[in-house]
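What follows is a single structure, and I will ask about it in a moment.
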Amino acid sequence: MDWQDAVKDILFKEGANRLRLTVKGRVQGVGFRPAVYRFAGGAGLSGFVMNTRRGVIIEIEGEASSINRFGLDLTGRMPPLARIDSIAAEAVEVAGSSRFVIEGSEPPGDADALFPVDTCVCGDCLAEMNDPTDPRYRYPFINCTNCGPRFTIIEDLPYDRKLTTMKEFRMDGLCSSQYADPSDRRFHAEPISCPGCGPRLNLLDAGGAGMTGDPIEETKKLLAGGKIVAVKGLGGYHLSCLAADGAAVARLRERKKRPAKPFALMFRDMAGVERCCLVSKEERELLLSPESPIVLLRRKGDGLPDEIAPDNAYLGIFLPYTPVHHLLMEEFEALVMTSANFTDEPLVSLEEELPSILGPIADAALVNDRRIAHKCDDSIFFVPAGMPVPVRRARGFVPEPVNISKALPACILGTGAQEKGTFALTRGDRIFVSPHLGDLGDFRSQQNYRDELEDFERMLGVSPEVAVHDLHPDYFTTRFAASSGISSRIAVQHHHAHAVSVMAEHGLFDPVMAVSFDGTGYGSDGRLWGGEFLVATRHDFERVAHLKYVPLPGGAAAVREPWRMALMHIRNLSPAALNDLPRSLSFGGFPAGEILVLADKGINSIETSSVGRLFDAVAFMLGCGGKVSYEAQAAVSLEKLAMEAGEAGRGYSFDYEEGVMTLIEPAPVIEAVLEDLSAGVDRACISAAFHNAVASLITELSVKLAKRYGCRGIVLSGGVFQNRFLYEKVIVLSRRLPIPVYHHIIVPPNDGGVSLGQAAAGGAIIEKG
Ligand code: ZN
Ligand code: FE
């Protein structure tokens with residue numbers, strides 16, 4: 001943001017006077033007002049600064065040269081977390097004020113202010129925490145204007161202590177004097193606290209009774225002794241145990257009823273991370289960023305127990321981001337830190353929810369009395385070919401909105417998908433996407449969805465006029481749209497929404513060629529799509545190519561049992577193909593006969609074009625298991641296998657004949673897999689050749705179709721793009737394409753990104769009438 005641009009029409013024309021600046025961007029809860037105060041003081045100006053729902057308002061009065069100096073400071077020397085998107089300047093009447101003051105915030109009302117994100121504890125605070133002479137020595141809730149809790153403690157806007165859960169703590173002399181002292185780095189730090197007045201830690205035993213001793217030191221002893229401890233963090237509890245203790249990790253799996261889905265690890269420092277994983281420059285930056293997400297890193301011989309991430313080539317790694325984490329990690333190189341919940345249930349964040357995990361899962365709980373206003377999971381990224389892509393968007397990123405450069409015609413609610421629930425709520429030219437809300441098949445997740453939506457509506461001061469939902473009749477979010485009382489409703493096809501979410505992230509309006517390779521999403525023809533090439537605009541799409549349909553025998557059961565998809569894809573070759581299988585491949589032990597009958601009669605066997613299910617089929621054929629316990633488990637194993645092949649360049653080919661609708665025939669690929677299996681080719685090479693086939697299909701066919709339909713860009717979306725081995729091949733191939741390829745950068749390629757696309761598509765559909 002350039003200062004001269006903001007004031008070019010005012011300041012130098014009218015001379016010394018008083019200016020009112022309306023500053024928008026990430027300017028609240030990031031130490032912006034104190035910085036303004038210092039800049040004004042430094043330039044000898046009077047006036048005020050105030051948080052409002054429309055952004056930060058600054059009035060400054062004095063000599064033109066001083067105002068100019070102030071403006072250069074404002075735009076050039078911002079606090080580290082601040083970001084100015086715009087400055088509107090107007091001349092106002094001179095008030096003759098003598099001082100510069102920070103005014104109280106405007107009361108809640110109509111609004112256009114952003115609300116701030118949670119950030120990791122900063123270096124200054126850590127230094128104080130480790131200084132024995134500091135009043136906050138070893139204080140587990142240390143924070144300042146540059147760091148600490150934000151979104152997770154905010155109950156209403158604007159961001160002001162009295163509208164956060166910190167209102168329950170009365171500042172003592174130390175905190176109130178720092179809070180009021182413009183020269184202090186905690187000047188107007190809303191969550192400020194100290195050992196004399198702030199939240200306290202408490203360690204509870206499995207029965208919920210308080211334990212004696214220093215909570216941090218006692219927790220360390222429990223963890224070192226192989227116990228599982230629930231640790232309260234910013235947006236909820238983690239379940240923690242020693243990463244090096246295979247028995248403890250196995251116990252955690254058993255109690256959490258989570259047999260295989262990987263656990264995240266918190267490492268004390270980068271040295272430990274680099275010992276266990278390959279870390280690129282971009283991955284390192286993400287790990288060390290103020291948002292501190294979990295980053296999926298490639299494992300190297302790490303010596304860690306298998307139970308942490310069975311049959312997985314990656315580890316989900318993050319660094320300590322709260323003072324409590326830093327204190328706990330003093331003793332350990334790595335701790336398992338997984339969300340505290342049972343599989344598919346929402347994250348435990350409230351004291352009244354604690355009994356559901358304390359006892360049944362955790363042997364103890366490290367709690368504190370700072371209330372969490374919003375459940376917020378850890379965000380997750382992966383970095384294919386140096387390009388950070390979100391897998392789960394929550395802490396550190398929510399509620400930062402997506403700016404879409406053009407005001408939407410109404411307040412729109414995108415209700416999202418099902419298993420990775422999010423909603424998106426629009427205001428003006430911004431779309432606010434909720435944190436990851438989990439699997440909305442669970443009624444507690446549904447209640448959390450409703451609560452969070454109500455909170456967002458109140459805080460943003462909006463009430464949706466239009467609800468946009470999926471075509472799937474059984475999604476909670478589809479039924480929610482119908483029962484929400486929002487009179488105007490629009491259905492947007494799942495993969496169209498995936499495509500538009502990328503368009504919204506990149507500000508694309510012209511028609512694009514959208515590749516949506518996914519698990520399953522309800523199609524316009526009532527079948528389950530997931531291998532789609534669409535010519536998409538924001539308001540409409542035309543399906544121009546897709547993977548040939550095969551039955552999905554047993555519906556959801558086929559998703560849990562990849563052998564069923566292998567059966568369907570092999571039978572698709574010819575009815576006889578099943579009689580002549582390679583020796584290493586067998587359907588023994590599975591009711592293959594029954595399933596074939598089911599598929600033939602079309603009983604509970606809806607047809608699907610899903611590429612995710614094709615990955616399942618090949619995974620089973622290569623021995624990755626007949627059943628899975630979490631989504632994409634088979635594909636994760638298949639990817640691991642492919643990576644073991646090293647730089648294998650060999651690839652199979654799909655068949656397709658271009659027409660009005662291009663049908664992609666997977667049979668040649670399945671046939672090649674069978675032939676190679678029979679010939680004893682290494683399974684890793686077969687997996688790599690399969691991945692290469694999919695990558696070539698994506699890049700070749702999308703370019704051909706883009707040319708034919710006059711698209712100037714290609715967008716990639718859908719859950720299949722969480723496969724890094726595949727994605728990196730696609731990125732490398734797409735660098736040679738004559739047409740730009742766009743990827744997800746703000747929301748995930750999986751169904752967590754659907755709500756954004758729904759909201760943006762809804763806006764475009766309304767505009768078109
Ligand atoms: Zn700090
Ligand atoms: Fe999807």
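As a basis for the values below, the full set of heavy atoms in this structure was taken, side chains included, without hydrogen atoms, waters or symmetry mates. Both ligands and their constituent atoms are indexed starting at 1 by order of listing. Keep in mind that this is a model prediction, so the values were computed, not measured.
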- Task: Report yes or no: is the cationic atom of R200 (NZ for Lys, CZ for Arg) closer than 6.0 Å to the six-membered ring centre of F169, at no more than 45° off its axis?
- Result: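 Cation-pi check for R200 and F169: fails.
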- Taking the six-membered ring for Trp, is the centroid-to-centroid distance between F151 and H374 below 6.0 Å?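 Here the rings of H374 and F151 have centres that are less than 6.0 Å from each other.
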- Task: Kindly report the SG-the Zn ion (ligand 1)-SG angle for C122 and C144 respectively, rounded to 10°.
- Result: 100°
- Task: Please find out if less than 6.0 Å separates the ring center of H691 from that of F725.
- Result: yes
- Given the side-chain rings of H188 and Y179, with only the six-membered ring counted for Trp, is the space between their centroids under 6.0 Å?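 Yes, the ring of H188 comes within the 6.0 Å limit of the ring of Y179, centre to centre.
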- Near the Fe ion (ligand 2), which protein N/O/S atoms are found at less than 2.8 Å? H494 NE2, H498 NE2, D518 OD2, D751 OD1
- Message: List the residues meeting side-chain contact (heavy atoms from CB on, under 4.5 Å) with A82, not counting sequence neighbours, and say none if there are none.
- Response: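 By the side-chain contact (heavy atoms from CB on, under 4.5 Å) rule, A82 matches V30, F32, M78, P79.
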- Check: F480 ring centre within less than 6.0 Å of F423 ring centre: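 So the answer is no for these two rings.
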